Amino acid sequence: MTASAVRVRFAPSPTGYLHVGGARTALFNWLFARQLGGVFLLRVEDTDKARSTEESTAAIFEGLRWLGLSWDEEVVYQGSQPFLERHQRDARAMLESGHAYRCFCTATELDERRKEAEARKDSFKYDRRCDRLSADEVAARVAAGSPFVIRFRVPEGSTGWHDMVHEDIAFPNKDIEDFVILRSDGTPIYNLAVVSDDIFMRISHVMRGDDHISNTPKQILLYQALGAARPVFAHFPMIHGLDGKKLSKRHGATAVGDYQHLGILPEAMCNFLALMGWSPGGDREVMSMAEMTELFSENGLLKKAAVFDTKKLEWMNGQHIIRLPLDDIAARVLPSVVATGLVTAAALEAKHAWYLSLIDLLRARARTLGEIAEMAKPFLVQTVTYDAAAAAKAWKDPAEARAVLRAAHATLAACGTWERAALEAALTALGEAQGLGASKLLAPIRVALTGLSNSPSIYDMLPIFGREQSLARLAAAEQHLAGHLSA
RNA sequence: GGCGGUAUCGUCUAGGGGCCUAGGACAUAGCCCUCUCAAGGCUAGAACACGGGUUCGAAUCCCGUUACCGCUACCA
């Protein structure tokens, strides 16, 4: 097969949001296509009209776009008229070629028989009774207007394939029942629709979740009955929650949109997802999209279900936050910073260099974009709010703290230049002169400057605040403590 | 129940007969760095599900058992 013949698709059913498991499947398809210069397609499986919604479709597109998984060609809708008609044509063709037959058993009857079998602890499989109907009988029922479904007549033998991740898998056909391919209302059942569409879309590799393994033999049978060449199949392992069960709402955030709002970068999300079911080999872990595209290989595909651990996702996000270009991160965190309500985008634009240096200072200590915005707050407020616990600790003795602040204020005010090195030298000298250790000296200043007990280095912050603002904050804290003393 | 799949530290994984007294990462604990918090560095504990084979030799190959997961619809 030539590389250009690679055509893969992601085929979600629009009944919810883009789930992390779906996102992982989409990512693998995308990576595979991009690496081989193939085509990545999107097909919305909306044949179940009752459960499909437009909001869901939009949410899935949005999730894919955010992740950067761009698709080629027009999105295809499985439930659209031309598609439906083709599904019916294919079903009819199989009826005519003898690969399928009409079944007049009603859903209720089937249900009862299934329950009876269950009560006897027998496994239920359709008994093919309608396949034994005479041609005349069938014609009579059709003429009488009896509703019927079309069932595929599963042949003798065994159906297997060579899976890209599981190697060889085979199912004895006797374990596959004569499954329905067309409902009594003329709409197709999943397996028919999928095969019909994959043939039509000339899909070369069907890559999906493990949960489709048992559908595969049925689909292969359909390809054969339809006289079409089958694609290569790949079944990726499932993603589970911390309890080992299939990931669901109970496990917390499972929609990719949840992570977007949490301040996770799409690069980190993809990187993390890629490692669930795939490994580039060796100790390689943190990768850019370009690196993953280059390294992706079916040899690294894993069989075991992976547990989704948000702790590692967060760590990985921190790694991407540090590695991505500063202006890129600064631009992406901007909406969150503006959302604090403390500053406008225009104001930040006006002092872009200052904003960049601020973000540079904060990003090493953040794991999410939201944390960066949170840590940026003290730098954006007009008046500092002193955190009670921080003040209680750093300003334990108000008189002493006030003295330190006053001395620091005088020292810094006397500084000729407002540069990091000079400032540090001046304060270090002050500390030595007063016999104050770094902690004793700097902790009160930290609270005066930020109101918090944790922050970037004082010497890094001073230039960010600037001379005027720094001195003002020192003075304000001193004032605050003075009030505290008289009270 | 039937059928199918999977099985290395708590988690993500490296490993494809000897390089394995099993490596890396997250998490956890401790130390270093240090003005706090991160980041970074170092260290520790922590795994080949079990039982049989095959082989001079098995985490790696085969079989069985067990556990877990999935499918078992006129859902997708």
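Letters go in sequence order (proteins before strands), and every chain restarts at 1. Here the structure is a predicted model, which is why all the values come from computation and not from measurement.
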Next item on the list: Using a 4.0 Å heavy-atom cut-off across all strands, classify S439(A) as base, sugar-phosphate, or nothing.
Entry: sugar-phosphate
Item checked: Aromatic ring pairing Y101(A)/Y126(A), orientation class (parallel under 30°, perpendicular over 60°, tilted between) -> parallel
Note to self: Heavy atoms only, 4.0 Å cut-off, all strands: where does R114(A) land among base, sugar-phosphate and nothing?
What the structure shows: sugar-phosphate
Counting only pairs under 3.5 Å, give me each side-chain donor-acceptor contact of residues 426-435 of chain A, with atom names and distances, residues two or more places apart or in other chains.
from	atom 1	to	atom 2	distance (Å)
T428(A)	OG1	E424(A)	O	2.6

Next item on the list: Under the side-chain hydrogen bond (donor to acceptor under 3.5 Å, both in side chains) rule, collect the residues that match up with T187(A), sequence neighbours excluded.
Entry: R183(A), D185(A)
Checklist line | Gap in Å between the two C1' atoms, one belonging to G15(B) and one to C71(B), rounded | finding: 31 Å
Checklist line | CD (Q224(A)) with more than 12 external heavy atoms under 6.0 Å | finding: yes
Check: For every nucleotide of nucleotides 1-12 of chain B, 5' to 3': is a protein heavy atom under 4.0 Å from its base (B), only from its sugar-phosphate (S), or from neither (-)?
Finding: B-SSSSSS--SB
Notebook entry, point to check: When all nucleic acid strands are considered with a 4.0 Å heavy-atom cut-off, which category describes Y459(A): base, sugar-phosphate, or nothing?
Noted result: base
Checklist line | Audit row: S158(A), N173(A), side-chain hydrogen bond (donor to acceptor under 3.5 Å, both in side chains) steps and yes/no | finding: CA-CA 5 Å; S158(A) 165; N173(A) 289 6; 5.3 Å; no
Check: Touch check for S279(A), heavy atoms < 4.0 angstrom, all strands: base, sugar-phosphate only, or nothing?
Finding: sugar-phosphate
Next item on the list: Write down the distance between CG (L295(A)) and C1' (A14(B)), rounded to a whole number of angstrom.
Entry: 15 Å
Margin query: Could you check whether F296(A) and F28(A) have their ring centres less than 6.0 Å apart?
Written below: yes
Next item on the list: Determine, using ring centers only, whether W278(A) and F236(A) are less than 6.0 Å apart.
Entry: no
Checklist line | Derivation and outcome, side-chain hydrogen bond (donor to acceptor under 3.5 Å, both in side chains), residues N317(A) and W315(A) | finding: CA-CA 5 Å; N317(A) 200 53; W315(A) 165 79; over 6 Å; no
Show the distances under 3.5 angstrom between N or O atoms of the protein and N or O atoms of nucleotides 16-23 of chain B.
none

Check: Does the distance from a Lys or Arg side-chain N to an Asp or Glu carboxylate O, for E267(A) and R332(A), drop under 4.0 Å?
Finding: yes
Notebook entry, point to check: Do F465(A) and W418(A) have ring centres separated by under 6.0 Å?
Noted result: no
Check: Applying a 3.5 Å limit to both distances, which nucleotide forms a Watson-Crick or G-U wobble pair with A39(B)?
Finding: none
Next item on the list: May I ask which nucleotide in the shown strands pairs with G16(B), Watson-Crick or G-U wobble, both distances under 3.5 Å?
Entry: none
Close N or O pairs between protein and nucleotides 40-45 of chain B (under 3.5 Å):
from	atom 1	to	atom 2	distance (Å)
G40(B)	OP1	Q319(A)	NE2	3.2

Margin query: Give the residues of residues 359-379 of chain A touching RNA chain B, defined as any heavy atom closer than 4.0 Å, sorted by residue number.
Written below: A364(A), R365(A), R367(A)
Next item on the list: Look at the side-chain N and O atoms of T187(A) and state whether any lies under 4.0 Å from the OP1 or OP2 oxygen of C74(B).
Entry: no
Note to self: Quick check on RNA chain B: between G281(A) and F104(A), whose nearest nucleotide comes earlier from the 5' end?
What the structure shows: G281(A)
